Amino acid sequence: MTAPWRPASGPVVCVGETMAALAPDPPGPLLTAPRLRLSVAGAESNVAMYLADHGIPVAWLSALGDDPLGQRVRATVDSLRHPSALRDPA
């Protein structure tokens, strides 16, 4: 039996968008929602934070707006102690 394929070990770079997401609170139709809950969502930053939590060298690169929502995304990722290498290509 041959050994299963495994990717080479080394640093990982996750590139992609992370966004501020609004959802009705409590859950229900947006049209009649009395409140909206603000959260941060994005597959690339989630993967980067997961890998970092497991000791894998990782960097997360994303363009963020220089506005309150972009600042919220950056603060959220940083607050999770993700050793992010944030880069804004703009």
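In this text, all values refer to a predicted model and were calculated from it rather than measured experimentally.
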Nearest non-hydrogen partners of [X] and [Y], listed with the distance:
{"X": "E44", "Y": "E17", "answer": "OE1-O, 3.0 Å"}
{"X": "T18", "Y": "S45", "answer": "OG1-OG, 2.9 Å"}
{"X": "L64", "Y": "G70", "answer": "CD1-O, 4.1 Å"}
{"X": "V40", "Y": "V73", "answer": "CG2-CA, 4.0 Å"}
{"X": "V58", "Y": "A48", "answer": "CG1-O, 3.4 Å"}

- Tracing side-chain links under 4.5 Å among I, L, V, M, F, W and Y, which residues wind up in one group with L22?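 Result for L22 is L30, L36, L38, L69.
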- Considering residues at least two apart in sequence or located in another chain, which fulfil the side-chain contact (heavy atoms from CB on, under 4.5 Å) criterion with P29?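 Partners of P29 under the side-chain contact (heavy atoms from CB on, under 4.5 Å) test: T32.
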- Under the 3.5 angstrom rule, does the side chain of S62 hit a backbone N or O of G16 as a donor-acceptor pair?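 At least one qualifying donor-acceptor pair exists.
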- Rounded to the nearest 0.5 Å, how far does CG of D66 lie from CZ of R74?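 Here the interatomic distance stands at 9.0 Å.
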